[in-house]
Peer 1: 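Input: one structure, supplied below.
Computed from heavy atoms alone, side chains included, the values below leave out hydrogens, waters and symmetry copies.
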Amino acid sequence: MRVLAEPDYEAVTDLLLENFPEEERGTRDALLGDFSAGRYVGVAAWEDGAPRGALVGWRGTPETVLISWLAVDGKMRGRGVGGKLLDEAVRNWEQAYNPDLILGEIHSPSSGVSHPRYGDSEARWRFYRRHGARRIGIPYAMPVPGKNLSPVKDMWLLLFGGRAFAEPAVRAGENFGAETCARLRDFLHAYLEDSFEERDAGGHYRKDIEEMLRAAGQAKLI
């Protein structure tokens, strides 16, 4: 297992293409371009010179990292690779960047999303819960990652680590502090600006995104 570096990008990109639909990861050229530009950080597990699993995150702001993708080769599932990648990535990012928030996003476990290649929403939530993830209690609207793609519905925003995650009051379900709420909003705005979401003539995003941005000021774990 090692931190991702430039020689790894093509092989890891191919692994992501196999494990996520286009509306959740964009095109191969876009992924490679973003890797080369240094926009992504992560770790990968290797065997026989090929990545058997990878966890990739995006440093949306200096105070946040978003877990964008966790992929494990089909032949390696059930062997603990995903859990080791998740734990190692969170530990690495906390040491390297000391962010306030290490975030992730998943389909709601009640969404019924299930696919033989891309996985099952209920199983994914159970896996993340075992590794300490908590849901952030805001109505989450994932920004669309590519042109002409439809919004992905029924998504949750999760917290995996960072300074806010370590605060006993936050873990007990109290509202995030004002500074953490501001950093969450900064992340959401950065994510939107990086996406293909559009504003109307009045400068507003679609309704569910505006609701999310307002709710971020009173965010807490649930």
Peer 1: Begin from the C-alpha positions of E63 and R163 and carry the test salt bridge (Lys or Arg N to Asp or Glu O under 4.0 Å) through to its verdict.
Peer 2: CA-CA 9 Å; E63 288 286 0; R163 300 193 311 277; 3.0 Å; yes
Peer 1: What's the shortest heavy-atom distance between L4 and D8, and which atoms?
Peer 2: CA-OD2, 3.6 Å
Peer 1: Just checking, is any N or O donor in the side chain of E105 or Y191 under 3.5 Å from an acceptor N or O on the other one?
Peer 2: yes
Peer 1: Would you give the length of the straight line joining atom CZ of R39 to atom OG of S68, rounded to the nearest 0.5 angstrom?
Peer 2: 8.5 Å
Peer 1: Distance to the ring centre below 6.0 angstrom and angle to the axis at most 45 degrees; does that hold for R52 and W46?
Peer 2: no
Peer 1: Please evaluate residues N98 and E94 with respect to the criterion side chain to side chain contact (heavy atoms under 4.5 Å, CB included), reporting the C-alpha separation (whole Å), side-chain torsions for both, the decisive distance (0.1 Å), and the verdict.
Peer 2: CA-CA 5 Å; N98 190 30; E94 287 181 332; over 6 Å; no
Peer 1: Side chains of H131 and D87: donor-acceptor distance under 3.5 Å anywhere?
Peer 2: yes
Peer 1: Look at the side chain of N19 and the backbone N and O of L16, then say whether any donor-acceptor pair between them is shorter than 3.5 Å.
Peer 2: no
Peer 1: Quick one: closest heavy-atom pair of L192 and S195, and the distance?
Peer 2: O-OG, 2.7 Å
Peer 1: If you group Ile, Leu, Val, Met, Phe, Trp and Tyr by side-chain heavy-atom gaps below 4.5 Å, do L66 and F196 land in one group?
Peer 2: no
Peer 1: Applying a strict under-4.5 Å side-chain criterion to I, L, V, M, F, W and Y, I'd like to know whether M155 and V56 cluster together.
Peer 2: yes
Peer 1: Identify every side-chain donor-acceptor pair in residues 165-188 under 3.5 Å, counting partners at least two apart or on other chains, and give the distances.
Peer 2:
| residue | atom | partner | partner atom | Å |
| --- | --- | --- | --- | --- |
| N175 | ND2 | Q218 | OE1 | 3.0 |
| T180 | OG1 | D100 | OD2 | 2.9 |
| R183 | NH1 | D100 | OD2 | 3.1 |

Peer 1: Is the ring centre of Y9 less than 6.0 Å from the ring centre of Y40?
Peer 2: no
Peer 1: Taking all atoms of both residues into account, what is the closest heavy-atom pair of F20 and A71, and its distance?
Peer 2: CE1-CB, 4.0 Å
Peer 1: Find out if a path of hydrophobic residues (ILVMFWY) with successive side-chain heavy-atom gaps under 4.5 Å connects W58 to L149.
Peer 2: no
Peer 1: Any heavy-atom pair between the side chains of L157 and R135 that's under 4.5 Å?
Peer 2: no
Peer 1: Are side-chain heavy atoms of R134 and L158 found at a separation under 4.5 Å?
Peer 2: no
Peer 1: Restricting to non-hydrogen atoms, name the atom on S121 and the atom on H107 that form the minimum distance, rounded to 0.1 Å.
Peer 2: CB-CB, 4.0 Å
Peer 1: Any ion pair linking R91 and E88 (charged N to carboxylate O, less than 4.0 Å)?
Peer 2: yes
Peer 1: Pick one: which of E210, E197, R199 meets side chain to side chain donor-acceptor pair (under 3.5 Å) with Y205?
Peer 2: R199
Peer 1: Please step through side chain to side chain contact (heavy atoms under 4.5 Å, CB included) for the pair F35 and V12, ending with a clear verdict.
Peer 2: CA-CA 10 Å; F35 270 121; V12 168; 4.0 Å; yes
Peer 1: Do other residues, nucleotides or ligands put more than 12 heavy atoms under 6.0 Å from R129 CZ?
Peer 2: no
Peer 1: Heavy atoms only: give me the nearest G137-I222 pair and the separation to one decimal.
Peer 2: CA-CD1, 3.7 Å
Peer 1: Go through it in stages, so that I can follow the logic: the residues are D200 and R206, the test is salt bridge (Lys or Arg N to Asp or Glu O under 4.0 Å), and I'd like the CA-CA distance, side-chain angles, deciding distance and then a yes or no.
Peer 2: CA-CA 8 Å; D200 62 21; R206 52 187 165 95; over 6 Å; no
Peer 1: Supply the atom-to-atom distance L32 CG to L17 CG, rounded to the nearest 0.5 angstrom.
Peer 2: 8.0 Å
Peer 1: So do V65 and L103 actually touch side chain to side chain, heavy atoms under 4.5 Å?
Peer 2: no
Peer 1: Out of curiosity, does Y140 fall in the hydrophobic cluster containing I209 (side-chain heavy atoms, cut-off under 4.5 Å, transitive links)?
Peer 2: yes
Peer 1: Could you check whether any side-chain heavy atom of K220 comes within less than 4.5 Å of a side-chain heavy atom of I138, counting everything from C-beta outward?
Peer 2: no
Peer 1: Check the pair R2, V43 against side chain to side chain contact (heavy atoms under 4.5 Å, CB included), reporting the backbone distance first and the verdict last.
Peer 2: CA-CA 5 Å; R2 64 174 185 258; V43 295; over 6 Å; no
Peer 1: Check the hydrophobic clustering (I, L, V, M, F, W, Y; side-chain heavy atoms under 4.5 Å; chains of links allowed) and say if V72 and L15 are grouped together.
Peer 2: no
Peer 1: Which atoms form the tightest heavy-atom contact between L85 and G53, and what is the distance?
Peer 2: CD1-C, 3.5 Å
Peer 1: From L31 CG over to E10 CD, what is the distance, rounded to the nearest 0.5 angstrom?
Peer 2: 12.0 Å
Peer 1: Is the ring pair W156/W125 parallel, tilted or perpendicular, if the boundaries are 30 and 60 degrees?
Peer 2: perpendicular
Peer 1: Is the side chain of T64 donor-acceptor paired with the backbone N or O of T61 at a distance under 3.5 Å, no angle test?
Peer 2: yes
Peer 1: For side chain to side chain contact (heavy atoms under 4.5 Å, CB included), just list the numbers for I67 and L86, CA-CA rounded to whole Å, side-chain angles, deciding distance to a tenth of an Å, and then say yes or no.
Peer 2: CA-CA 9 Å; I67 295 175; L86 179 57; 3.7 Å; yes
